Every structure is written in C-alpha cells, then in structure tokens.
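Presented below is the structure to which this report refers.
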Amino acid sequence: MADSSMSGLNQFSSRGTEVIDTTKKIRFGIIGCGWIAGSHIKALLNQPDVEIVAGADLIPGKAEAFFKKYGVEGVKTDYASHKEMLDDESLALDAVSVCTYNCQHAEPTIYALNKGVNVLLEKPFTVTLDEAVEVMRAEKKSGKVLSIGFQPRFDENMKMLKKIVQSGELGDVYYIQTGGGRRRGIPTPFGTTFIEKDTAGIGALGDIGCYSLDMVLNALGYPKPLTVSGYKSAFFGTDPKYCGYKEHGEEYAKKFGVDDFAAAFIRLEGGIVLDFRIAWAMNMDTPGDTIILGTKGGLRIPSTECWNGTVGGAMKIYHEVAGTEVVTEIPILKTEKGLFDIKVRTFLDACKNGTPAPVPSSQILYNQAIIDGIAKSAELGREVEIVIPEI
C-alpha cells in the first residue's frame, strides 16, 4: 500500500520523532456512523496518511449527516449497506472501521476481509464465540489485518501493569479479582441500541466487561480459559422507575433485553482463578479494586468511577523486602497521546508495514470465549466448560 521506496515503513528523524510516510494515502471507509464512529473519525482526521472516502449506515441519511457534522467533504455515502460500499470497486478501499451494533460486528467484518480490506473492529469482538471464530477464519483466509478496538491497553499505566506481572515481581499468579461498573450508568443517552437484544446482544458484560477482562488477561499473557460459572441479571434495566430513563421509563424498560450486571468465577490455564463482576447499574459505587495475587507479591489497581481506560489511582505492590512487609507505590504515568489516536495509528502502521495487528484477534478470542461462557452458564444455571473450535 505504501510507496515502494519507503517499503511502507514509517521513518524517524534524527531526533527520534516519528515521520509518517504520506506518499501513499490509506483509503478508509467507516461502516456504522453512530456514536462510537465519532471517536474513530476524529482519530482518523489526525493521521496525515489517511483519506476518508466512504461511509455506510443502515439508516438512510445518517452517514451523510455524520460526515457533515465532522466537516469531511467528498465522502461517498449513498450506500444502503456495507455490502454496497465494499462492492464499489471505484473506492479502492484499503481499510475500514466497523462501528456497527454489537450484533452486526461479524457480518461486515467478514465481508470486508473477504474483499481484501483491512479491518479495525470496535469492541466487543462479537456477541458469541461462534461469530468470533467465523471472523477469524475469514481473517486467516484473507491474510489482511484485523485489529480489535481495545485502546485502554495503550495507556502507559496499563503497560506498566503488564510489565509488573511479566517481570515476575509477583511470582506465580494464582488469583485475580477484577471488574468495574457504575452505580447508575445504563447507556440510554445514545438511544436504545445498547439495551435491545436484537442490536446489542449483550449488555454490561460485553460493553465494559470486555475491557476489564482484557486488562488482566493481557497482563497475564492471555492464558486459555477452561471453565466458567456465570451469573447475570437485569433488575435495573427492566424497571420503568430506573432514574436514568427519565421520561422514557416504560418504553425503555420494555425494550431492555440484555444484562445490566454480570459476575463469574473463571478457571484459567496455569491454575489461575479469575473472580469477575461488572455493572451498568447497582446499589454500590464500585464492585471493588482489581487485585492480582501472586506467590511473591500482590498488586492492587484502584477502581475507576466509570470505566475510562486507565487506573483509578496509584497501583500498589504488597511484597517483602529482606523479610519485612512493604508496600511499593507505582506513580501514575501520563500517556502523551489520546488512546484512540494510538489505536488508529498502530492499526495503520500494521496495514502499511505488513506487521501483526496491534490487538490481535487470537488474544481477544479468549476474551470473547469467557463472555460467551458467562452468558451460557448464566442461562443454564451451572458451570460450563469453555471449548474453543479450531480456526
């Protein structure tokens, strides 16, 4: 995709500043022009080697209004579906962002990959494990880049978390408590697509639960999940008197078809157990800090008021030095660039350089398997084995 003289590689100045090769633009399209697509387009507009050429949305006129809102001109939007856009050979698309409803993540991603187009797919990966497997099979066949939208792992504090675990400072990790949530935070300010079964498929479990899982699983190196005993509920979302609904109480309560709280006990390879809980709404300010216990030390990661992609305070390591119990505080680290900018930039670099996806599907497959397992276990009312098909 990049000019042959540059071999698609970003160059660096003598001062170490990244210099992006702009001799060949990456022709980009956006599938799904709702709320989260706004974060994508703002990050894409910050990249000097991107040309946004097309957009598609199922709702007539929505794509056109979306690009007008962000001041992007000359974008083709007269498509009734992602298929029409991807079939338009005049676009010569190099990459797309898939920002559709959760239940529509798999289909356009598979179609784009089959068309030889690289994909930046918003989280959650999919709704079910089977869908994720089908996406990965298309990815494998295409040889194109597929990266999943987990921008929090680019936060410097998240990187430090992984460094601590991987350094062996904690010894062998055997127990993790993680999760997060909101006292009142069902995302209806963006309409009902987050809460309806036909569009969202899963609720808090997939929306913010996938982030909490990625935080600890990425730090561990993504061990394979083996079994899960899960629970989910919807006491708040189905209540017309839920304060977040305001004048829409009856309407939204009837439409609510997903979870607003989920919890699980997950066994991972290596003898690790994961105690997980997540909430859009609950009668508590937080379900607790993230705790990682190891044979040499323990790590506490303070919770945030609402999941925001970083830590809620300085991390602390509880360990021994010369036979004395001590606590080491890890200073908060600053991330110089916006996380969405980094997410988009690393994806573009992988596309241009032919390097692995910055957030590979092979890792997030395990994340999705856990979410799928929690949902199935909750419905069956018992522990289930996690079986991941061959890709």
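All heavy atoms count here, side chains included; hydrogens, waters and symmetry mates do not. Given the structure is predicted, the values throughout are model-derived calculations rather than measurements.
From Ile370, atom CD1 reaches atom CG of Leu365 across 10.5 Å, with rounding to the nearest 0.5 Å. Between the CG atom of Asn114 and the OG1 atom of Thr109 there is a distance of 10.5 Å, given to the nearest 0.5 Å. Annotation: the span from Asp349 atom CG to Arg345 atom CZ amounts to 4.5 Å, rounded to 0.5 Å. With values rounded to the nearest 0.5 angstrom, Ile52 atom CD1 is found 4.5 Å from Ile41 atom CD1. In this structure, the separation between OG1 on Thr77 and NZ on Lys62 is 13.5 Å, given to the nearest 0.5 Å. Between atom CZ of residue Phe28 and atom NE2 of residue His40 there is a gap of 8.0 Å, rounded to the nearest 0.5 Å.
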Derivation and outcome, side-chain contact (heavy atoms from CB on, under 4.5 Å), residues Ile208 and Arg182
CA-CA 10 Å; Ile208 52 178; Arg182 310 160 184 161; 3.6 Å; yes
Given side-chain contact (heavy atoms from CB on, under 4.5 Å), test Arg137 with Glu134 step by step and report yes or no.
CA-CA 5 Å; Arg137 286 173 177 163; Glu134 290 305 309; 2.9 Å; yes
Checking Leu86 against Val96 for the side-chain contact (heavy atoms from CB on, under 4.5 Å) test, could you report, in this order, the C-alpha distance in whole Å, the side-chain angles of both residues, the deciding distance, and whether it holds?
CA-CA 9 Å; Leu86 289 162; Val96 293; 4.3 Å; yes
With side-chain contact (heavy atoms from CB on, under 4.5 Å) as the criterion, how do Ser147 and Val359 come out once you've worked through the C-alpha distance, each side chain's angles and the decisive distance to 0.1 Å?
CA-CA 5 Å; Ser147 190; Val359 184; 3.8 Å; yes
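Between the side chain of Glu383 and the backbone N or O of Thr227, no donor-acceptor pair lies under 3.5 Å. Using a distance-only test at 3.5 Å, with no hydrogens or angles considered, no donor-acceptor pair links the side chain of His105 to the main chain of Leu121. Put simply, the side chain of Asp372 never gets that close to the backbone of Gln368: no donor and acceptor are under 3.5 Å apart. Between the Asn118 side chain and the Val145 main chain, a donor and an acceptor come within less than 3.5 Å of each other. At least one donor-acceptor pair under 3.5 Å links the side chain of Thr286 to the backbone N or O of Gly288. Between the side chain of Asn102 and the backbone N or O of Ala200, at least one donor-acceptor pair lies under 3.5 Å. Here the side chain of Asp155 pairs no donor or acceptor atom with the backbone of Thr310 at under 3.5 angstrom. In this structure a side-chain-to-backbone donor-acceptor pair under 3.5 Å is missing from Ser377 to Ile374.
When hydrophobic clusters are built by joining Ile, Leu, Val, Met, Phe, Trp and Tyr residues whose side-chain heavy atoms come closer than 4.5 Å, directly or via intermediates, Tyr111 is grouped together with Met85. Hydrophobic clustering (ILVMFWY, side-chain heavy atoms < 4.5 Å, transitive): Tyr101 and Leu120 are in distinct clusters. Residues Ile291 and Leu213 are members of separate hydrophobic clusters, defined by side-chain heavy-atom contacts under 4.5 angstrom among Ile, Leu, Val, Met, Phe, Trp and Tyr. Residues Tyr211 and Val228 are members of one and the same hydrophobic cluster, defined by side-chain heavy-atom contacts under 4.5 angstrom among Ile, Leu, Val, Met, Phe, Trp and Tyr. Leu226 and Tyr174 fall into different hydrophobic clusters, where Ile, Leu, Val, Met, Phe, Trp and Tyr side chains are chained together by heavy-atom contacts under 4.5 Å.
Ion pairing between a basic and an acidic side chain is recognised when a charged N comes within 4.0 Å of a carboxylate O; Lys376 and Glu379 show no such pairing. Of the charged side-chain nitrogens involved, at least one lies within less than 4.0 Å of a carboxylate oxygen, so that Asp87 and Lys115 count as a salt-bridged pair.
Among Lys24, Lys25, Lys352, the single residue meeting the salt bridge (charged side-chain N to carboxylate O under 4.0 Å, His left out) criterion with Asp49 is Lys352. A side-chain hydrogen bond (donor to acceptor under 3.5 Å, both in side chains) with Glu169 is found for exactly one of Lys296, His319, Lys163, namely His319. The only option from Leu58, Asp57, Leu91 that meets the side chain to side chain contact (heavy atoms under 4.5 Å, CB included) definition with Tyr79 turns out to be Leu91.
In this structure, Phe194 and Phe190 have tilted ring planes: the angle between them lies in the 30° to 60° band.
In this structure, the side chains of Pro389 and Leu129 come closer than 4.5 Å at one or more pairs of heavy atoms. Looking at heavy atoms from C-beta onward, Phe125 lies out of side-chain contact with Ile371 at the 4.5 angstrom threshold.
Every residue meeting the side-chain hydrogen bond (donor to acceptor under 3.5 Å, both in side chains) condition with Ser361, not counting sequence neighbours, appears here in chain and number order: Glu139. Glu196 pairs by the side-chain hydrogen bond (donor to acceptor under 3.5 Å, both in side chains) definition with Thr192, not counting sequence neighbours.
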Tell me which donor-acceptor pairs under 3.5 Å the side chains of residues 254-276 have, and how far apart each pair is, sequence neighbours excluded?
from: Lys255; atom 1: NZ; to: Glu251; atom 2: OE2; distance (Å): 3.2
from: Asp259; atom 1: OD1; to: Gly203; atom 2: N; distance (Å): 2.9
from: Asp259; atom 1: OD2; to: Ala204; atom 2: N; distance (Å): 3.1
from: Asp259; atom 1: OD2; to: Leu205; atom 2: N; distance (Å): 2.8
from: Asp260; atom 1: OD2; to: Phe236; atom 2: N; distance (Å): 3.0
from: Asp260; atom 1: OD2; to: Gly237; atom 2: N; distance (Å): 2.7
from: Asp275; atom 1: OD1; to: Arg277; atom 2: NH2; distance (Å): 3.1
from: Asp275; atom 1: OD2; to: Tyr175; atom 2: OH; distance (Å): 3.0
from: Asp275; atom 1: OD2; to: Arg277; atom 2: NH2; distance (Å): 3.2

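Nearest heavy-atom pair, Ala37 versus Gly32, reported as atom, atom and distance to 0.1 Å: CB-O, 3.3 Å. Nearest heavy atoms, Leu333 versus Glu156: CD1-O, 3.6 Å. Looking at every heavy atom in both residues, Gln151 comes nearest to Gly149 through OE1-O, 3.2 Å. Contact detail for Leu93 and Gly29: the closest heavy-atom pair is CD2-N, 3.7 Å. Summarising the geometry of Val75 relative to Gly55, their closest heavy-atom pair is CG1-N, 3.9 Å, with the distance given to 0.1 Å. The minimum heavy-atom distance between Leu161 and Ala219, with the atom names listed, is CG-CB, 4.1 Å.
Clustering of Ile, Leu, Val, Met, Phe, Trp and Tyr side chains at separations under 4.5 Å places Tyr318 together with Val327. Through side-chain heavy atoms spaced under 4.5 Å, either directly or across other Ile, Leu, Val, Met, Phe, Trp or Tyr residues, Val321 is tied to Val326.
Residues Gln104 and His82 have side chains that never bring a donor and an acceptor to within less than 3.5 angstrom of each other. With no hydrogens or angles considered, no side-chain donor-acceptor pair links Asp130 and Thr128 at under 3.5 Å.
In this structure, Lys69 is not positioned above the aromatic face of Phe66 in the sense of NZ or CZ being under 6.0 Å from the six-membered ring centre and within 45° of the axis.
Around CD of Glu247, the count of heavy atoms belonging to other residues, nucleotides or ligands within 6.0 Å exceeds 12. Counting non-hydrogen atoms of other residues, nucleotides and ligands closer than 6.0 Å to CD of Glu73 gives a total of 12 or fewer. By the neighbour-count criterion of 12 heavy atoms within 6.0 Å, atom NZ of Lys316 is sparsely surrounded, having that number or fewer from other residues, nucleotides or ligands. The 12-atom threshold is not exceeded at CZ of Arg183, counting heavy atoms of other residues, nucleotides or ligands nearer than 6.0 Å.
Legend: salt bridge (Lys or Arg N to Asp or Glu O under 4.0 Å) pairs involving residues 202-223, not counting sequence neighbours, sorted by first then second residue: Lys123-Asp207, Arg153-Asp214.
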